[in-house]
Amino acid sequence: MIPDVRLGTTDIDVAVELAALEGLGGGAVASFTGIVRGDDALIALELEHYPEMTLAAMTGIAEQAAARWPLLGLTVVHRHGRLAPGERIVFIGVAASRRGAAIKAMQFLIDWLKTRAPFWKREHRAGGGASWVEPREADSQAAARWESRA
Amino acid sequence: MIPDVRLGTTDIDVAVELAALEGLGGGAVASFTGIVRGDDALIALELEHYPEMTLAAMTGIAEQAAARWPLLGLTVVHRHGRLAPGERIVFIGVAASRRGAAIKAMQFLIDWLKTRAPFWKREHRAGGGASWVEPREADSQAAARWESRA
Amino acid sequence: MTLDLVYFAWVREAIGKDGESVEPPEDVATVFELIVWLAGRGGGYAEALGQLDRLRAAVDQRFVAMDAPIAGAKEIAIFPPVTGG
Amino acid sequence: MTLDLVYFAWVREAIGKDGESVEPPEDVATVFELIVWLAGRGGGYAEALGQLDRLRAAVDQRFVAMDAPIAGAKEIAIFPPVTGG
């Protein structure tokens with residue numbers, strides 16, 4: 001199983017991604033979609049990234065998931081650039097024979113993408129203000145709990 | 001937030017269900033789809049259920065999830081009757097402001113649906129044999145871990 | 001007291017019907033005692049209801065433990081552990 | 001030794017460029033020492049690089065700890081903790 005990992009600026013077609021994973025013969029497909037929240041006065045979310053490194057880092061994380069759980073399919077799509085509220089940022093889909101592997105791998109992938117893929121979010125607000133999103137301690141803790149498990 | 005819980009015999013349109021959840025303003029949508037595995041010689045999976053009780057039991061489980069986590073949307077669709085390999089059995093979709101609530105609620109819902117909704121699976125195999133699916137100890141354990149958390 | 005019983009999955013198959021009305025004796029007070037009384041009919045009942053640890057029950061569409069009372073119940077369901085999802 | 005440096009997010013903004021080539025003195029052996037040397041330039045460098053616990057680094061496109069050696073490196077990136085996903 002070779003993970004399908006993509007980085008781009010266009011919208012993610014969740015239906016197409018899920019249909020491909022559902023057709024692999026497994027009994028379980030788990031997915032996660034991250035979306036730009038329509039928070040107060042937010043007009044756009046900008047995702048900066050490290051062009052020479054990002055896809056390789058995402059692929060490394062996906063290969064970790066594939067090594068840890070018996071998976072039939074794994075898709076990760078992450079966008080960069082400027083996104084409006086309601087737009088998809090990231091899609092993670094995992095197919096496996098049984099649900100345990102699919103759900104755990106999905107959770108691992110989003111936890112590690114949040115803390116180990118070189119993206120930086122900036123929030124643009126109505127009135128012209130913009131601020132870099134601060135890293136969350138909860139995200140570090142979520143990522144760290146996978147360290148101790150081979 | 002009123003959970004959207006349905007029981008039926010027709011296919012589940014995952015794209016439509018997810019689109020509705022993605023449009024609720026939250027930053028996270030988690031989903032799980034259970035599919036009839038194409039195991040050796042399986043020609044159909046039959047799901048018997050308890051017509052007077054099933055939807056109420058599913059709704060009770062969904063309300064538990066809604067009480068435990070701050071959710072923006074929750075959809076559960078379960079099929080009954082005779083299904084071919086590759087067909088969807090169950091769809092669970094959860095929208096929340098942040099991913100922790102969405103993913104945990106999704107996991108809770110599938111764990112409890114597997115052990116607390118009155119469905120019984122029978123496998124029909126090539127050659128005419130049919131056998132009732134045995135409950136799995138792993139499913140009981142997965143469901144039990146939610147008992148201790150209010 | 002007249003009770004409506006419903007059976008599912010292999011319990012239904014072994015008993016050979018999906019439900020029936022019964023009038024248990026007055027000393028049958030719990031789901032457990034109801035199952036023992038039914039199993040005493042022998043044949044498919046004994047086959048379906050002989051192993052209590054393989055059975056689950058609902059009283060008026062709510063899952064209950066085997067020692068649940070049946071007083072006032074209208075419908076009692078007997079079935080194997082569920083396997084949906 | 002000539003190093004290509006790249007900056008991201010508010011590190012890039014404070015320094016005022018997205019990268020540059022530098023020739024650090026020979027006693028600069030680790031990422032930490034490189035950052036201290038750069039911060040010594042003052043101005044935007046001091047502003048961007050003053051708080052080490054708010055910085056992360058990559059050597060040749062791999063995340064490294066602050067005490068990682070820079071010998072043989074071609075490209076060193078300095079940036080805040082990531083916030084994607």
Side-chain angles (χ1 to χ4, degrees), chain A residues 11-19 21-40 42 45 72-73 83 85-111 113-114 121 133 136 138-139 141-142, chain B residues 11-19 21-40 42 45 72-73 83 85-111 113-114 121 133 136 138-139 141-142:
Chain A
D11 189 20
I12 303 162
D13 191 331
V14 168
V16 167
E17 304 301 345
L18 281 175
L21 292 165
E22 287 179 351
L24 296 175
V29 172
S31 83
F32 176 82
T33 307
I35 298 163
V36 181
R37 272 194 302 278
D39 281 356
D40 48 328
L42 186 84
L45 188 73
L72 296 167
L83 303 175
E87 284 199 81
R88 298 177 191 93
I89 305 166
V90 61
F91 169 83
I92 294 165
V94 182
S97 184
R98 291 199 169 272
R99 78 182 187 286
I103 295 173
K104 281 203 196 96
M106 180 270 272
Q107 216 165 355
F108 166 86
L109 285 160
I110 185 62
D111 286 345
L113 279 174
K114 289 236 172 217
K121 285 188 185 132
V133 171
R136 297 169 68 227
D139 286 337
Q141 285 169 5
Chain B
D11 190 19
I12 303 163
D13 192 331
V14 168
V16 167
E17 305 301 344
L18 281 175
L21 292 165
E22 287 178 353
L24 296 174
V29 172
S31 82
F32 176 82
T33 307
I35 298 162
V36 181
R37 272 195 302 279
D39 281 357
D40 48 329
L42 186 84
L45 187 73
L72 296 167
L83 303 174
E87 285 200 79
R88 298 177 190 94
I89 304 165
V90 62
F91 169 83
I92 294 165
V94 182
S97 184
R98 292 198 169 273
R99 78 182 187 286
I103 295 174
K104 280 203 198 95
M106 180 270 273
Q107 214 166 357
F108 166 86
L109 285 160
I110 185 61
D111 285 347
L113 279 174
K114 288 234 172 218
K121 284 188 185 131
V133 171
R136 297 170 67 229
D139 287 337
Q141 286 169 6

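Each chain gets a letter, A, B and so on, in the order the sequences are listed, and its residues count up from 1.
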Next on the checklist: For the interface with chain B, which of A/Ala30, A/Ala138, A/Ser31, A/Gly86 has the highest count of heavy-atom pairs at distances below 4.5 Å?
Outcome noted: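 The candidate making the most pairs under 4.5 Å is A/Ser31.
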Item to check | Residue pair A/Asp139, B/Arg98: steps toward the salt bridge (Lys or Arg N to Asp or Glu O under 4.0 Å) verdict | outcome: CA-CA 11 Å; A/Asp139 286 337; B/Arg98 292 198 169 273; 5.7 Å; no
Item to check | Side-chain heavy atoms of B/Thr33 within contact of A/Leu21, under 4.5 Å | outcome: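 Of all side-chain heavy-atom pairs linking A/Leu21 with B/Thr33, none is under 4.5 Å.
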Checklist entry - Taking the side chain as C-beta and beyond, is there a heavy-atom pair between A/Met106 and B/Gln107 under 4.5 Å? => result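 In short, these two side chains do not touch, never coming nearer than 4.5 Å.
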Item to check | chain B contact via A/Ala95 - side chain, backbone, both or neither, heavy atoms under 4.5 Å | outcome: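 The answer is neither part of A/Ala95.
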If I measure from the heavy atoms of chain A, does [X] come under 4.5 Å with its side chain, its backbone, both, or neither?
X        : answer
B/Val29  : both
B/Ala102 : neither
B/Asp111 : both

Item to check | Verdict with reasoning, A/Arg99 to B/Lys114, per side-chain contact (heavy atoms from CB on, under 4.5 Å) | outcome: CA-CA 11 Å; A/Arg99 78 182 187 286; B/Lys114 288 234 172 218; 3.4 Å; yes
Who among [options] has the most heavy-atom pairs with chain A under 4.5 Å?
options                             : result
B/Ala142, B/Pro85, B/Gly38, B/Gly26 : B/Gly26
B/Gly34, B/Ala15, B/Gly27           : B/Gly27
B/Gly93, B/Gly25, B/Ser97           : B/Ser97
B/Ile110, B/Leu18, B/Val16, B/Ile92 : B/Ile110

Item to check | Under the salt bridge (Lys or Arg N to Asp or Glu O under 4.0 Å) test, residues paired with B/Asp39 that sit two or more places apart | outcome: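 Applying salt bridge (Lys or Arg N to Asp or Glu O under 4.0 Å) to B/Asp39 gives B/Arg37.
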Checklist entry - Rounded to the nearest 0.5 Å, how far apart are NZ of A/Lys104 and CD1 of B/Ile103? => result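 The CD1 atom of B/Ile103 is 14.0 Å from NZ of A/Lys104, to the nearest 0.5 Å.
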